[in-house]
Amino acid sequence: MTRVVIAPDKFKGSLTAVEAAEAIAHGVRDALPEAEVSSCPVADGGEGTLDVLVAAGGRLVELPVRGPLDDSVDASYVLLEGTAYIESARACGIEFVEPSPEVALAAHTWGVGELLAHALDNGARRLVLTVGGTASTDGGAGMLAALGAGVFDAFGAPVGLGGGTLGRVASAELGPVRERLGSVEVAVATDVTNPLLGSRGAAAIFGPQKGAGPREVEQLDESLSRWAQALRNAGTPDVSDLPGAGAGGGVAAGAIAGLGATVESGFQLIAGLTGVAGAIERADLVITGEGSLDEQSLDGKAPAGIAARAQEHAVPLMVLAGRIQLDESQLAGLGVVGSAALIDHAPSLDHARAHAAKLLRERAGELVRAWART
């Protein structure tokens with residue numbers, strides 16, 4: 001019997017990883033009705049991670065929190081075996097705002113802190129903070145403030161929320177946060193390697209996506225620099241140049257410095273919970289994918305992680321994506337034996353997004369039929 005492992009990431013704007021895996025599975029069964037199909041949707045610590053964790057047996061906890069611009073938003077986190085998985089974007093995701101220069105300066109992470117506090121109050125023994133897709137560039141200052149930290153100006157007054165306010169920050173009081181955490185361990189799950197500051201930092205690389213123009217990028221970078229100094233003065237490690245500290249608009253930096261968090265690979269962490277590694281080891285064929293397969297996909301994203309495991313066990317790999325921007329040599333380097341981009345089989349991008357499940361099913365069936373004939 002042919003054993004097929006289906007391990008896609010989300011198709012952003014169209015399908016969750018769970019929905020994508022289901023559509024691909026239908027296509028595989030259309031082509032090989034007797035195949036043993038294992039669906040192992042994956043994530044890399046960005047948006048959509050909670051959906052994968054729920055599919056792996058986690059319990060979703062829902063509550064309203066303060067959104068990135070203060071309006072209440074319906075957020076959630078997942079509890080699984082004593083660990084709370086907090087997805088930053090559920091509280092301060094960019095989907096809650098209309099990006100603009102003003103928003104880029106004002107958005108904050110207070111709601112992330114509320115999720116962490118709720119998990120602590122409900123007995124979580126470990127916290128895993130996944131980052132990515134945030135509207136904020138506040139270095140996690142709002143998150144820490146929601147947990148009891150003081151973020152003060154030179155006169156001892158609170159500076160307020162939002163990355164733009166950190167230009168006035170002079171000191172941070174983290175004692176209440178440490179007392180709140182007690183012995184609870186915290187990890188930041190990300191595969192982004194950007195530092196907090198500079199030309200590859202949170203403001204420069206991710207700020208424009210949130211509406212920041214050149215002036216706002218410069219202002220936010222300077223504000224984050226002042227925040228990093230205030231954290232150092234409070235006795236925390238220097239997070240200015242630490243790889244990964246710039247993830248989530250610097251919320252990773254705030255977690256590392258203020259919560260004592262360690263940095264873990266988002267893909268490795270989630271893959272370890274879904275059992276995908278063991279499934280690939282026993283597979284005859286692996287199918288992965290995501291919305292856009294491009295150069296960023298090669299830098300620690302979930303499909304690259306799946307490809308590495310497939311190559312390790314000499315298992316052929318197929319890739320399905322909304323669009324594919326890698327050339328044939330790059331695909332071959334991943335061990336890909338078949339690929340298809342949905343946009344190549346649709347009259348428009350909007351059509352491809354609206355009919356992604358149907359297109360995935362059809363393309364998966366075609367690829368698997370062709371592979372089975374070889």
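We use all heavy atoms of the structure for the numbers below, so side chains are in, but hydrogens, waters and symmetry mates are not.
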With rounding to the nearest 0.5 Å, note down the distance linking [atom1] in [X] to [atom2] in [Y].
X: Lys358; Y: Arg363; atom1: NZ; atom2: CZ; answer: 8.0 Å
X: Glu34; Y: Met1; atom1: CD; atom2: CE; answer: 6.5 Å
X: Leu32; Y: Trp371; atom1: CG; atom2: CH2; answer: 7.0 Å
X: Leu127; Y: Leu259; atom1: CG; atom2: CG; answer: 8.0 Å
X: Leu273; Y: Cys40; atom1: CG; atom2: SG; answer: 12.0 Å
X: Leu242; Y: Asn194; atom1: CG; atom2: CG; answer: 12.0 Å

Using a strict threshold of under 4.0 Å (side-chain N to carboxylate O), is an ion pair present between [Y] and [X]?
X: Glu366; Y: Arg369; result: no
X: Arg90; Y: Asp51; result: yes
X: Asp121; Y: Arg180; result: yes

Do [X] side-chain atoms and [Y] backbone N/O form a donor-acceptor pair below 3.5 Å?
X: Thr190; Y: Val192; answer: yes
X: Arg66; Y: Gly111; answer: no
X: Thr109; Y: Met143; answer: yes
X: Thr288; Y: Ala7; answer: yes
X: Asp284; Y: Arg3; answer: yes
X: Asp71; Y: Gly67; answer: no
X: Arg226; Y: Glu222; answer: no
X: Gln325; Y: Glu295; answer: no
X: Glu87; Y: Thr49; answer: yes
X: Thr165; Y: Gly160; answer: yes

Heavy atoms from other residues, nucleotides or ligands near CD of Glu185 exceed 12 (cutoff 6.0 Å)
no
Residues, nucleotides or ligands: over 12 heavy atoms within 6.0 Å of Glu218 CD:
no
Which heavy-atom pair separates [X] from [Y] by the least distance, and what is that distance?
X: Ala154; Y: Ala170; result: N-CB, 3.6 Å
X: Ser136; Y: Cys92; result: OG-SG, 3.9 Å
X: Leu174; Y: Gly258; result: CD1-CA, 4.2 Å
X: Leu359; Y: Ala346; result: CD1-CB, 4.2 Å
X: Gly246; Y: Ala202; result: O-CB, 3.4 Å
X: Ala189; Y: Val128; result: CB-CG1, 4.0 Å

Between [X] and [Y], is any side-chain donor less than 3.5 angstrom from a side-chain acceptor?
X: Thr134; Y: Lys210; answer: yes
X: Ser240; Y: Arg232; answer: yes
X: His26; Y: Asp30; answer: no

Asp221 vs Leu197, side-chain contact (heavy atoms from CB on, under 4.5 Å): CA-CA, chis, key distance, verdict:
CA-CA 6 Å; Asp221 192 62; Leu197 305 177; 3.9 Å; yes
Given Thr130 and Ile86, is the side-chain contact (heavy atoms from CB on, under 4.5 Å) satisfied, shown in steps?
CA-CA 6 Å; Thr130 76; Ile86 314 292; over 6 Å; no
Does some side-chain heavy atom of [Y] sit less than 4.5 Å from a side-chain heavy atom of [X]?
X: Ser76; Y: Leu63; result: no
X: Tyr77; Y: His118; result: yes
X: Ile256; Y: Val263; result: yes
X: Leu360; Y: Leu342; result: yes
X: Leu116; Y: Val186; result: no
X: Phe152; Y: Val169; result: no
X: Leu326; Y: Leu334; result: yes
X: Val103; Y: Phe96; result: no

Hydrophobic cluster membership, [X] vs [Y], 4.5 Å side-chain cutoff:
X: Phe267; Y: Val315; answer: yes
X: Phe11; Y: Val18; answer: no
X: Leu60; Y: Val65; answer: no
X: Ile6; Y: Leu15; answer: yes
X: Leu320; Y: Val337; answer: yes

Criterion side chain to side chain contact (heavy atoms under 4.5 Å, CB included) against Thr137, the qualifying member of Val217, Leu166, Leu224, Leu105:
Leu224
With Val28, the side chain to side chain contact (heavy atoms under 4.5 Å, CB included) member among Leu367, Val4, Thr2
Val4
Under the side-chain contact (heavy atoms from CB on, under 4.5 Å) criterion, do Arg59 and Leu80 qualify, and how do the steps go?
CA-CA 6 Å; Arg59 177 170 67 89; Leu80 181 61; over 6 Å; no
Would you please test Tyr85 and Leu269 for side-chain contact (heavy atoms from CB on, under 4.5 Å) and show each step?
CA-CA 11 Å; Tyr85 296 87; Leu269 189 149; 3.7 Å; yes
